[in-house]
2 protein chains.
Amino acid sequence: MSFSRAAATGDSRFGNVLASFAPVRRDTQTGDTGFDLSGVVAHFPAGRQIYAEGDDARSFYKVIGGTVRTCRFLNDGRRQIAAFHGAGDVFGIESGPDHRLTAEAVTDCSIAAYRWRGLDTTIVGDDRLGHWFLSHLMAALSRTREHALLLGRGSAAQKIAAFLLEQDAMNDAGSMIDLPMTRQDIADYLGLTIETVSRTLSQLERDRVIDLPCARRIGLKDRQALRGLIA
Amino acid sequence: MSFSRAAATGDSRFGNVLASFAPVRRDTQTGDTGFDLSGVVAHFPAGRQIYAEGDDARSFYKVIGGTVRTCRFLNDGRRQIAAFHGAGDVFGIESGPDHRLTAEAVTDCSIAAYRWRGLDTTIVGDDRLGHWFLSHLMAALSRTREHALLLGRGSAAQKIAAFLLEQDAMNDAGSMIDLPMTRQDIADYLGLTIETVSRTLSQLERDRVIDLPCARRIGLKDRQALRGLIA
DNA sequence: CGAATACTTGATGAGACTCAAGCGCCGTGG
DNA sequence: CCACGGCGCTTGAGTCTCATCAAGTATTCG
């Protein structure tokens, strides 16, 4: 699982901006802002660890394809998932010298790694790059805040409903969601048990709010009902 | 409750950096980095709203003195507190055009407001200012993440223990904590009810882990036991 | 086909919520 | 001075949701 250089480093337009990056312009397939950075790309099979809690935060990362989870393991063996990251999402930015969470591939993934030396040598002097970095950081803050608010209040049904709508917003493909993660992942993300996740989904199907043709496929039959649940 | 200009705007060192700020160097009494910005300072009595969810995010804020809560009101009347902010903390930075949370004074407060026009006109071109802004943003992300992880897992006792240790870390004054907030605030912060907060604190006192001389005063008798609870 | 893994469903119990009452503190006013 | 009410907090009893324990089904993969 070694990183391989993805592209030449000839474009030095940002060379003095992010000192230790290897930035180039890419023919980006992510629908970002048209602007893009490339670091060093690697592929991870499903389940593989990308970095562990406590590792030096020498890089941050962007998902090219696949899904990543960032999580923490408690010493009673349980796991709390902080976020799922899909294509285009940036993760692994840390304020301190080391990673405070573990990152793992949920599915087979392509991940771009961007070297950085932490906050002290950061991103000033270029409008677009600074904007890119800041917007990702603030998006992460916004999402984390919503996640915290969801976890604090709400019944199992509310959490599941919010989760489904969140996944629906990512998958902009009709009303059918293909979940990349297991029930256990969902449970650890929502602060529930796997049994409660399963029961709640079954109940939603009985209530004609969703379809469950197979475990990983969820059809949203009544988004309004889901929104109503969230209150 | 109108803002009053705190200082002259003669110092234009950052004039082209944060377009609409009124930044000056202050003889700061916060133990920050030595570097400081001043905006427009206002005082808020306990309970007063600073901004509401949905308001235009024309400014962000720093607590000079007192305690602030940022929260969301659910349409069933309940309230979820996202964070408490003490002296030196920055709050109200938004990625979008409007505030996603409400901010209210928990105690009487002095608040500095910094105008800004959002992400598009942000903080490039000055190392120290960019660093100051980024470090606050990343600190907020880090704290929010910890809060989310706390809310997801954990019994009432674990949440209370984590809350007490968090407050203890703020109050660097011996082993006695003077809480600025009510039991209801604590409950809404931890995703519990006021009764559960009260019962759990009483139980911790019976277990000789804390002292409760009065409701708002908590003595930590056994920090190790609290840390043990968090697991 | 068999085994492993993922998922579902059922029975039971613990922990937190709800409803309700009572206590303590404090400011107001008689 | 005390009576009173309001507010924040504590405590108790009953209920309900979700976790736990346990079993069984479905799916995947060698």
Side-chain angles (χ1 to χ4, degrees), chain A residues 45-47 67 69 74 76-80 106-108 150-164 177-207 210-218 229 231, chain B residues 45-47 69 74 76-80 106-107 150-164 177-207 210-218 229 231:
Chain A
T67 301
R69 62 178 173 248
L74 289 69
D76 60 2
R78 292 187 305 183
R79 182 185 64 166
Q80 173 70 23
V106 173
T107 62
D108 292 352
L150 171 63
L151 289 173
R153 293 278 172 204
S155 62
Q158 288 180 316
K159 291 178 179 179
I160 293 287
F163 171 76
L164 291 177
I177 304 175
D178 283 296
L179 295 176
M181 71 288 285
T182 66
R183 295 286 187 270
Q184 186 65 60
D185 286 327
I186 299 172
D188 291 343
Y189 179 64
L190 297 176
L192 298 171
T193 59
I194 183 175
E195 294 95 334
T196 299
V197 171
S198 188
R199 265 187 266 272
T200 305
L201 286 172
S202 298
Q203 185 61 49
L204 287 175
E205 187 180 32
R206 280 192 292 277
D207 296 345
I210 63 173
D211 267 330
L212 289 170
C214 8
R216 300 292 186 93
R217 248 171 172 251
I218 300 184
L229 275 177
Chain B
R69 61 176 174 248
L74 289 69
D76 60 1
R78 292 187 304 183
R79 184 184 63 167
Q80 173 70 25
V106 174
T107 64
L150 171 63
L151 289 173
R153 294 277 173 206
S155 61
Q158 288 179 316
K159 291 178 178 179
I160 292 287
F163 171 76
L164 291 176
I177 304 176
D178 282 296
L179 295 176
M181 70 289 285
T182 67
R183 294 286 188 272
Q184 187 64 60
D185 286 327
I186 299 172
D188 291 343
Y189 180 63
L190 298 177
L192 299 171
T193 59
I194 183 174
E195 295 96 331
T196 300
V197 171
S198 189
R199 266 187 263 271
T200 306
L201 286 172
S202 298
Q203 186 59 50
L204 287 174
E205 187 181 32
R206 280 193 292 277
D207 296 345
I210 62 173
D211 267 330
L212 290 170
C214 5
R216 300 293 187 91
R217 217 143 214 274
I218 299 183
L229 275 177

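Within every chain, numbering begins at 1; the chains are lettered A, B, ... in the order of the sequence lines, protein sequences first and strands thereafter. A quick note: this is a predicted structure, and the numbers were derived from the prediction, not measured.
- An OP1 or OP2 oxygen of D:dT11 is reached within less than 4.0 angstrom by a side-chain nitrogen or oxygen of B:S202.
- Side-chain nitrogen and oxygen atoms of B:T182 include none within less than 4.0 Å of the OP1 or OP2 phosphate oxygen of D:dG8.
- Taking only side-chain nitrogens and oxygens, B:T193 never comes nearer than 4.0 Å to OP1 or OP2 of C:dT18.
- Rounded to whole angstrom, the span from the NZ atom of B:K159 across to the P atom of C:dG15 amounts to 14 Å.
- Rounding to the nearest 0.5 Å gives a distance of 10.0 Å between CG of B:L151 and CZ of A:R153.
- D:dT27 atom P lies 16 Å from atom CG of A:L179, rounded to whole Å.
- D:dT27 atom P lies 12 Å from atom CG of A:L212, rounded to whole Å.
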message: Test side chain to side chain contact (heavy atoms under 4.5 Å, CB included) on A:M181 and A:T107; report intermediate values, then the result.
response: CA-CA 8 Å; A:M181 71 288 285; A:T107 62; over 6 Å; no

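- We find that CD1 of B:I160 is positioned 14 Å from C1' of D:dT10, with the value rounded to whole Å.
- Contacts of A:L201 with the nucleic acid, taken as non-hydrogen atoms under 4.0 Å apart, are absent.
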message: Evaluate A:L201 against A:I218 for side chain to side chain contact (heavy atoms under 4.5 Å, CB included), listing each step before the verdict.
response: CA-CA 9 Å; A:L201 286 172; A:I218 300 184; 4.2 Å; yes

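- The nearest whole Å value for the distance from the CD1 atom in B:I194 to the P atom in D:dC7 is 13 Å.
- A:R183 has a side-chain polar atom (N or O) that falls below the 4.0 Å cut-off from OP1 or OP2 of C:dT8.
- Proximity note for B:A215 (side chain, C-beta onward) versus C:dC7, D:dC9, C:dC17: the nearest is D:dC9.
- Nearest-nucleotide positions on DNA chain C for A:R153 and A:Q184 put A:Q184 closer to the 5' end.
- By the 4.0 Å N-to-carboxylate-O rule, B:D185 lies close enough to B:R79 to be salt-bridged with it.
- Atom-to-atom, CD of A:Q158 to C1' of D:dT17 comes out at 13 Å; the value is rounded to the nearest Å.
- In this structure, A:G154 reaches neither bases nor backbone, as no heavy-atom distance under 4.0 Å exists between it and the strands shown.
- The interatomic distance linking A:D185 (CG) with C:dT5 (C1') rounds to 14 Å, in whole Å.
- Ranking C:dT9, C:dA20, C:dA16 by closeness to the B:E195 side chain, first place goes to C:dA20.
- Rounded to whole angstrom, the span from the CG atom of B:L190 across to the P atom of C:dA16 amounts to 12 Å.
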task: Verify side chain to side chain contact (heavy atoms under 4.5 Å, CB included) between B:K159 and B:T196, making sure each step is shown before the conclusion.
output: CA-CA 11 Å; B:K159 291 178 178 179; B:T196 300; over 6 Å; no

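- Toward the 5′ end of DNA chain D lies the nearest nucleotide of B:R199, the other residue of the pair B:R199 and A:S155 mapping further downstream.
- Between B:R216 and D:dC9, a side-chain N or O to OP1/OP2 separation shorter than 4.0 Å is present.
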